[in-house]
Each structure stands twice: as structure tokens, then as C-alpha cells.
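All values reported here derive from a predicted model rather than from experimental measurement.
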Number of protein chains: 2
Amino acid sequence: MSDSSAVLPGYPDPLWIQAVALVRGEIERGVLKPGMRLAPERELCQQLGISRVTLRRALGHLVEEGVLSASRGRGWYVSQTAQPKKEWPNTLESFTETAARMGLTPHSRVLQNRIDPATIDQAERLGIAPGTPLFSLERVRLLNDVPIGLDLTRLPLGLVPELGELDFTERSLYATLAEAGVEPVRADSTIEATKADDRTARHLEVAPGEPLLVMHQLALDADQEPLFMSSIRYAGERYRLRTSFSRAPQ
Amino acid sequence: MSDSSAVLPGYPDPLWIQAVALVRGEIERGVLKPGMRLAPERELCQQLGISRVTLRRALGHLVEEGVLSASRGRGWYVSQTAQPKKEWPNTLESFTETAARMGLTPHSRVLQNRIDPATIDQAERLGIAPGTPLFSLERVRLLNDVPIGLDLTRLPLGLVPELGELDFTERSLYATLAEAGVEPVRADSTIEATKADDRTARHLEVAPGEPLLVMHQLALDADQEPLFMSSIRYAGERYRLRTSFSRAPQ
DNA sequence: AAGTGGTCTAGACCACCCC
DNA sequence: GGGTGGTCTAGACCACTTA
């Protein structure tokens, strides 16, 4: 289960990740049921042959996933909601991945595929110089041949020079970027509702004035550097976003 | 800056939180500028008089906030985007808190304030028995007297029995719950766009058929137990949601 | 080869919960 | 008072980067 880094070249899985997988496995196999108390930390350490610091890193990770919770002076408990949950909200998924998860077939109609110099606004958002060649890809995204959203993504051509020559009707942009080593880890997003203008309505096959869910995203890499920006206009009645807000400490 | 837990009764701030505040302070004061390298960990430990484990917990926290990033064998660097960012997306904020952050004055028109037995659907979502007394509060939320959203929140009356007798025109529901020890830490949310029905349109003072941003939330406590559910319908042109999606490992 | 982050350990003290 | 989680320390080894 979950060999998160085993694929990558360099490193073996850290001990604490193995501990995470082990506990998660026991929950999924039903050895640990919702509401049950875990063995005390010091005991688990012995069983797993790891130190308490390492164990606690694993437990902390499982808290973030919503699988465990701790109670001072009492012990660790399996969450009630932990059982059926295999899906995890608030993850950055590509349209292709979302489709796959729902068992639907994605494809695209490419409306634009061009290279322009970046405007001042675009350059500022992406942290590049104005005039830098910018690749723009506009697609109608469909699931099982039903238009779901209109996606306009822009990124510096320098990141993946061969982008301009590819056909994105079937290809996943995320997968293409990943192959070139461009790996977003976060996307800061704003979401609003608006009315469909004529052009968008035509491409999404809805009436003008119908509600749209508009999401603007800026994707960042592990160093918080901007990678690309995109805006997606979803047909209101055909798409539902899921996310999870967490309470900041205090 | 940021005395996160000093308000609460029990504990003093952990050391690593103080270290977080200290580093963040240096960045905000401009002592550390975007792109700059921090002193090596072992050196910082000496300066701050804390152990490396503790320091690293603080640095890890700042990575999550997008303020720092680490580079193996090279050092810690201040993110380029760290400078102007004081706001942090993806936090669960009450309407009152959001208003305060934006410097606006919130208030409410209470449309309903009642107690009913929970339906089967409601009971299932909240993890309680059907028929349990359920407190329902429906409010038009206004900022500077402009209607922004229509909020319908329901929670088991047992959590805070005196809820039925309070006036929520000026009062914050979140603050009231917090006083009673009800502290949500997460809210799983779905977001969609739809058209305003007649009743909603009237209360939000928009035309029927105008776009709405509809958010359904289930708030959970630290043990992942459901606390309350709410649905908020925002006037499309008057509200913009912010969130941040993160890429799941692998 | 030296510097740096990434991981891990063993042991300690505290505050809380429950008997 | 005994059990439990929450925090902290000092020291160690490894892998990567830079020169």
C-alpha cells in the first residue's frame, strides 16, 4: 500500500512512512476499527522497533489524513469517519485524473494552441519578464462527450519547449508536464459564480446567462515558484468542486 | 506577533511556535528577503538556544505556509512569493472573521431560528439519532449592509442547549460555539454554481435566475466527529472564495 | 572534503486523565 | 499515583551539493 517514493530514483522510504502504511493497513483490514484505542506509544515503538519521535511523526501524519486523533492522557483513537474514506479532499487533481477516479472518459476540443509574448499582468503573476514567450492552451473539457468546462491554461514556453507541437485532444497536460519534470505541488485558487457569456455558452452547450463556476488557479512548485496559471469555467449544473477547509491554529 | 495560544487557559507556547514567529518576523521586517539563504540549521539552533529537532519542526511549519523551502545540501531559502503574503488560503474562517479581515462590518437578518427533530438524512450526516432535537438558524449575511449570502446552519441542540434563546443579528455563531467549547477544525465542502430561486433572490436582493455560488459544509472537530452542517448561497457577483489545493504525494 | 539538510535514536520532563 | 500524550534535547549517521 502506498509506496510513495519507491518509484523515485534515490531514496528508500523513510521509517515513519512505513509506519504510516502499517497503521493505515491495519485500519483498512479491519484489525483496528473506528473508535478503538491504539496501543500506547511506548508499546507501539517496541513492536515496530522505532523510536518514539519517529512513531509520532507517523501518527501526526495520520491525524492530518483524518484517520486518527489523540486524546491527552487517554490514548490514540481511530476516527469514526475513517472507515469508508479512501478519497481525500483538497487534493490538486488534473481533469484527467478526476475523470479516471469517477470512471468516466475524458477528452478535449482544442480551441486555441498558441504562443504569445507575456503581457505585464501575466508576467507579474508568473514571476517572469514581460514579453517572455507564453504558451496558451484553450480546451473544452468533456466527460463521456458532455462538455463540462472551458479551460484556458498559460505557461512559459521555456518550461517545456516542445509543448507547441503536441496535440492535446487526448493527451493530458498534467502528464505531459510531469514527464518534463514540471511538478506542481500546490494551486492557489479563487472561485466565483458568474453568468455564461455567448462564446462560453456556445462551447459548453448551455444557454447564455446560465450560471458558471469560475476557478482561477496559480500552480506552484515545491519552492513556491509559479509554474502556470489557468482559468476554468465549469457549466454550473455539471460540476461540483470538493475541498476541505482547515481551521488555522488559534 | 502571533501569540497563538497565549489566550487559552492552559499552556504556554511551545518553543517551536516561538521559533516560527521569530523567523516569520524577520521576513516581514525585511531582515530576510525573498531568495535569501538562512543560516545553517546548526547555527540557528545555537542562536535560538533550541535543539535541531525543535528548529526543524518550526522550519517544516513555515514550509507548509509557503514561506520557506529547503534544498538538500545547500540550505534553506526564503520563497519569492513570501513577501507580500500575509493572508493564508484554505483556512476555515467564519463570516465574521472574514469581514474583520477585510475591514468590513458584518451583520445578519435572522430569517429562521427554530428547533426540529432531525430527519433521517440530517441524522446520518451528523452522526446522531433521527429525531434528535436540531437547531436551525437561517440568516442573510450582510457586509456594510449589502446582502452577500444566505446561510442555513443546523446543529444538534445538545451541543449548546442555550442556542435557541440567543439573538444572532449581531452575534457570531462561531464565537458562540467556541465559548461553549465547540471548536471545528475542518470543514469538508462542496461548491457549485446554480441559479437563484425566487425566495433566495428576494433575500439577497438580486434578480431571480442570477448566478449563485452554493457551498455545503460539514464541520468536524479534532476527533473527526461531525459538529454542524451548513449551506451558504452567495450572490455570484459579490463573493469570491479562496482556497488552495495541494498535490497528494505521488 | 567540507558543508548542509534528512532521518533516526534514547532518554528526559511535564500536564493531563482516570482510578 | 500510574498511565498517557506533548514537548524537548543531544548526538549520531546518511546523502546530496559545492568546490
Side-chain angles (χ1 to χ4, degrees), chain A residues 4-6 8-23 35-64 67-79 181 185 222-224 249-250, chain B residues 4-6 8-23 32 35-64 67-79 181 183 185 221-224 249:
Chain A
S4 43
S5 75
L8 298 175
Y11 322 74
D13 265 8
L15 274 184
W16 68 268
I17 291 212
Q18 301 177 29
V20 164
L22 212 146
V23 174
M36 277 180 66
R37 210 195 76 169
L38 273 67
E41 292 182 1
R42 287 146 177 98
E43 203 169 300
L44 285 174
C45 291
Q46 281 199 310
Q47 291 177 22
L48 305 184
I50 61 179
S51 78
R52 205 168 145 228
V53 180
T54 306
L55 173 67
R56 282 179 59 76
R57 207 198 296 202
L59 296 177
H61 188 83
L62 289 166
V63 168
E64 299 253 300
V67 172
L68 291 183
S69 64
S71 181
R72 272 216 193 194
R74 294 224 309 268
W76 288 91
Y77 293 84
V78 181
S79 303
V185 299
D223 294 340
Q224 316 297 328
Q250 167 181 180
Chain B
S4 44
S5 74
L8 299 176
Y11 322 73
D13 266 8
L15 273 184
W16 66 267
I17 291 210
Q18 300 176 31
V20 164
L22 213 144
V23 174
L32 290 171
M36 278 180 65
R37 210 194 76 170
L38 273 67
E41 294 183 357
R42 288 145 177 98
E43 203 169 301
L44 285 173
C45 291
Q46 281 199 310
Q47 291 177 23
L48 304 183
I50 62 179
S51 78
R52 206 168 145 229
V53 179
T54 306
L55 173 68
R56 282 180 58 77
R57 206 196 299 201
L59 296 177
H61 188 84
L62 289 166
V63 168
E64 299 254 299
V67 173
L68 292 182
S69 63
S71 182
R72 272 218 194 193
R74 296 225 307 268
W76 289 90
Y77 293 83
V78 180
S79 303
E183 305 241 17
V185 299
D221 67 10
D223 296 340
Q224 315 297 330

Notebook entry, point to check: Below 4.5 Å, heavy atoms only, C-beta onward: do A/W16 and A/L59 meet side chain to side chain?
Noted result: no
Note to self: For a quick check of understanding: with a heavy-atom distance under 4.0 Å over all strands, which category does B/G60 fall into, base, sugar-phosphate or nothing?
What the structure shows: nothing
Next item on the list: Check the distance between C/dA10's C1' and A/L55's CG and give it to me in whole angstrom.
Entry: 14 Å
Checklist line | A/Q18 CD - C/dC8 C1' separation (whole Å) | finding: 12 Å
Check: Under the 3.5 angstrom rule, does the side chain of A/R74 hit a backbone N or O of A/R37 as a donor-acceptor pair?
Finding: no
Check: For the pair made of CD in A/Q46 and P in C/dG11, what is the distance, rounded to whole Å?
Finding: 12 Å
Margin query: Distance check needed: D/dG6 C1' versus B/L15 CG, whole Å only.
Written below: 12 Å
Next item on the list: Hey, could you give me the OG1/CD1 distance between A/T54 and A/I17, rounded to the nearest 0.5 Å?
Entry: 12.0 Å
Check: A/W76 versus A/S69: any side-chain heavy-atom pair under 4.5 Å?
Finding: no
Note to self: In this structure, how many angstroms lie between the C1' atom of C/dT9 and the CH2 atom of A/W16, rounded?
What the structure shows: 17 Å
Give every pair of a protein N or O atom and an N or O atom of nucleotides 3-5 of chain C that lie under 3.5 Å apart, one pair per line with the distance.
residue	atom	partner	partner atom	Å
C/dG3	N2	B/G73	O	3.2
C/dT4	OP1	B/R37	NH2	3.4
C/dG5	OP2	B/E41	N	2.9
C/dG5	N7	B/R42	NH1	3.0
C/dG5	O6	B/R42	NH2	3.2

Check: Closer than 4.0 Å, any side-chain N/O of A/T54 to the OP1 or OP2 of C/dT7?
Finding: no
Next item on the list: In whole angstrom, give the distance that lies between atom OH of A/Y77 and atom C1' of D/dG3.
Entry: 12 Å
Notebook entry, point to check: Do other residues, nucleotides or ligands put more than 12 heavy atoms under 6.0 Å from the CD atom of A/Q47?
Noted result: yes
Notebook entry, point to check: So do the side chains of B/S79 and B/V67 get within less than 4.5 Å of each other, counting heavy atoms only?
Noted result: no
